[in-house]
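Working notes for the structure below.
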Amino acid sequence: MIKENYHPQLIETECQQKWDNDNTYAVREDETKEKFYCLAMFPYPSGSLHVGHIRNYTIGDVIGRYQRLHQKNVLQPMGWDAFGLPAENAAIQHGVSPKNWTNENIAIMREHLKKLGFAYDWDREINTSQSDYYRWEQWLFIKMYEMGLVYRKNAIVNWDPADQTVLANEQVVDGKGWRSGATIEQREITQWFIKITAYAEELITDLDKLDWPDQVKIMQRNWIGRSHGCNVIFDVPNENTSLDVFTTRVDTLLGATYLAISPNHVLAQQAAKHNPDIQTFIKACQTTKVAEADMATMEKKGINSGFTAVHPISKATVPIWIANYVLSDYGSGAVMAVPGHDQRDFDFARKYNLPIKTVIKDKNDSADSQKLPLLLDGILINSGDFDGLDSAEARRVMADYLVKNNHGSPTIHYRLHDWGVSRQRYWGTPIPFIYCQQCGIVPVPEEQLPVVLPDNVNVKDKLLPLSDIDSFYKVDCPRCGKLARRETDTFDTFIESSWYYARFASYDQHKKILDQRVDYWLPVDQYIGGVEHAVLHLLYARFFNKVLRDLGLIHTDEPFKRLLTQGMVLKDGSKMSKSKGNTVSPMALIEEYGADTLRFFSIFTAPPEQSLEWSDSGVEGAYRFLNRVWKFAFDHQQILPYDHKPDWSKTSAPIKKSRCVIYSLLKQASDDLKKLQLNTVASACMKLLNELQTLANGAQKETEQLADYHYLISDGLRILLIILQPITPHISDYLWQNIGYQQHYGNQSWPKIDTKALEQDNIALIVQVNGKLRSKITVPANADNAIIENAAKADEKVKKYLQNKQVVKIIIVPKRLVNIVIRD
RNA sequence: GCCCGGGUGGCGAAAUUGGUAGACGCAAGGGACUUAAAAUCCCUCGGUUCUCACGAACCGUGCCGGUUCGACUCCGGCCCCGGGCACCA
């Protein structure tokens, strides 16, 4: 029996305690059951749960619980992406240690998440700031070092002056730090790099295997930026060297009238030695190079280096210019310039009076009528033996020619850069390396792992660098035993989130990073998170997965089979933020309405991928609905569950119709869940309750077939409670247990669609005349076209339109419509 | 500039992928219950016009055109909004 009023706070607490005590959502590998790994991106423990989290985790929970209702072995783990800057800032501001601050936040957020009733296996909880997690990260980094995937390099890096640290390219947005928003400076620093470029090709081709939103795949494809082309070697005989240039248009090679090199190029530096003008120019380039956005609009400038190169085919002498538009970190920092067929080269050549040569003519146009520069493919001219070839063919033929003459080869270039992972921060994973005067760079031996982050730090005004802690950085060299210095940078925190999904499968394994359980669980069947990670986390994790695979630790190519990117939560049309003061407090809402209301609202209001506009009255609407569900169950509990199965062939038409509606809604909800179109699943629940209400009203008026009514009410409520279960598990479980369904049917499982219920004796068709809706008719479901045609023509409303007209043809779409085409 | 998404009532959105546009909900208005309020329940709710009325006609999915018996859906050309990339050779 249940009480009359819906008290979400009481029933939710009761349900959650029960789940906790029974460890309902803890899972183990079970080869007899199909597994489903459902993962939502783990949070940074900021200390409070915001509505974006709630949306994200509710979507994940709906998907996970839906799979569970299909008897799958569902893993839904949760953890904490616990390293990061805010902990250090809090330490400075509040005088707490980053560790304590983080752990307190985790404790609070764990309680908050539990109040939402997510079906997590809490046994597997991961905290990335604990050494039993990051020790394996250190281990893995050393393995990658041994594989040749890790190196140290002196490089010009993105320096965030606010956070006082280096950022990866992916973390620089519009020339500003992704977290701090400070304008990024260029600095030269020695730091650790991971060779993600070694996997560029696979990272791009394997995108085809993924069931991910196109938008995300396209963004990754662009980010990796593969271009097919050719390397061409220009000899520089006077300097006894040569220049390697990359071009995608080798067919225009004979049009190359000069070469351009970046101001950072070795040859440029050399040219500057004895030429003060060049020195000034290079210096000017370096100071103007600030934000990338400015660079696009910057004026193209250059200076003659004085060096010349030999054209590999024509053997002509071409000048080498130093130009500010040549990127030093793409290709070799040198390009061949073809002013006749490239806008930028054209502008440059005009400015500095360099020769312009046309080597391609339009297929349809005469050579003299064309406007320069001609950018498209065409037919080769002025290219000696290659004249007459079309561009595509010429690219192949000329590449062959260059290969034969040792002056080039076909090449693929990527825009992707290696990943700089050193951060000059305290609160992160220590990089497990030691610098010894004698032995050089020495990895920390495996038995000495983990390199533990010291937590007895003194909180100072500014920074908490490990380089201040003698006891940390002063170590004996593992090789020679002499005093050496430990690396004091820590890892980019994106490394922790690059492999946590795998660790969830081996969470309690203390002897190795991963064990064979990953073969059962991986890959993640459904991953859920924000689009903002399209080229950061989602690319890094794919890369780590491939490295783990190549180490033989896992056996899947990709970590996340299917991806759902959920939209933002907005209020008054803009993103919720503390600074705008438009935030809502999820915990206060749970106090007032209960978690189920919040969950229902966030599923119902918008499709998962779209942004969701927060609305207080919308939350109340969800609450009203759950109250109605409760009230309906209360009002009918005497007859529930009803155990007389009607003879459907004898039951009345309204009951049959209701039954059809109920099962159609079940079908719709099932189909929509497969498509992850969750908002319409919620609306199906509402429609279902409306239909049950109609049935209940009918039962009051008519007493003839009361048993049939009662059976259908009982069956319909059973279906409703199960469809609701993934969205609002508390109310659903509670009613299931307390109004007798549990005893009668056992545990909930997704209802079978009774296809007979979907069949109707009569069906309604619309009648169109010349494509315009004119009437509706009802015909027997098995009526043939002749009967339908006659019924349509006989309809009073339709007749009006047919008078004095000639029927040209009649189109019948089965179960849908009749369209009568007429003419005067 | 290039590459992706989107434009549907007052609002959030739906439409079985070419077949009743606006389901479901929110807001609003009206009514019932109540001494009153809240809660709850019932009705109306894209626009214009005609009709005392039952009702009917036309228009309507950013704009213009096309294909089709039939277009929110497909094609061509524009206009806005959001996102990504941007001297990438």
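Letters A, B, ... are given to chains in the order of the sequence lines, protein chains preceding strands, and every chain is numbered from 1. FYI, side chains are in, hydrogens and waters are out, and symmetry mates aren't considered; it's all heavy atoms of this structure.
- Contact between the side-chain N/O atoms of A:R415 and the OP1/OP2 oxygens of B:A86 is found at a separation under 4.0 Å.
- Between A:R816 and the phosphate of B:U17, there is no side-chain N or O to OP1/OP2 separation shorter than 4.0 Å.
- With a 3.5 Å ceiling on both atom-pair distances, B:G22 lacks any Watson-Crick or G-U wobble partner.
- For B:C74, the paired base is B:G66 (Watson-Crick or G-U wobble, both distances below 3.5 Å).
- With hydrogens and angles ignored, a donor-acceptor pair under 3.5 angstrom links the side chain of A:N819 to the base of B:C69.
- The side chain of A:S227 contributes an N or O atom lying less than 4.0 Å from OP1 or OP2 of B:A89.
- Comparing B:A15, B:C4, B:G19 against the side chain of A:Q677 picks out B:A15 as the nearest.
- Across all strands shown, B:G1 pairs with B:C85; the Watson-Crick or G-U wobble distances both stay below 3.5 Å.
- A close approach under 4.0 Å does occur between a side-chain nitrogen or oxygen of A:K772 and OP1 or OP2 of B:C59.
- Base pairing annotation: B:G9 forms no Watson-Crick or G-U wobble pair, as no partner gives both donor-acceptor distances under 3.5 Å.
- For the pair A:V813 and A:Y330, nearest-nucleotide mapping onto RNA chain B gives the more 5' position to A:V813.
- In terms of polar N and O atoms assigned as donor or acceptor, the side chain of A:R628 never comes within less than 3.5 Å of the base of B:U40 in a complementary pairing.
- At B:U16, none of the side-chain N or O atoms of A:Q668 fall inside 4.0 Å of OP1 or OP2 (strictly under the cut-off).
- The pairing partner recorded for B:U17 is none, the criterion being a Watson-Crick or G-U wobble arrangement whose two distances lie under 3.5 angstrom.
- Nucleotide B:G9 carries a syn base; the chi torsion (O4'-C1'-N9-C4 or O4'-C1'-N1-C2) is within 90° of 0.
- Heavy-atom distances to RNA chain B give each of A:G331 and A:D214 a nearest nucleotide, and the one nearer the 5′ end belongs to A:D214.
- An OP1 or OP2 oxygen of B:C88 is reached within less than 4.0 angstrom by no side-chain nitrogen or oxygen of A:R226.
- Here A:N697 does not reach the OP1 or OP2 of B:C41: none of its side-chain N or O atoms lies under 4.0 Å away.
- Panel note: side chain A:K301, backbone A:F281; no donor-acceptor pair is recorded below 3.5 Å.
- A:V326 comes within 4.0 angstrom of a nucleotide base, judged by non-hydrogen atoms across all strands.
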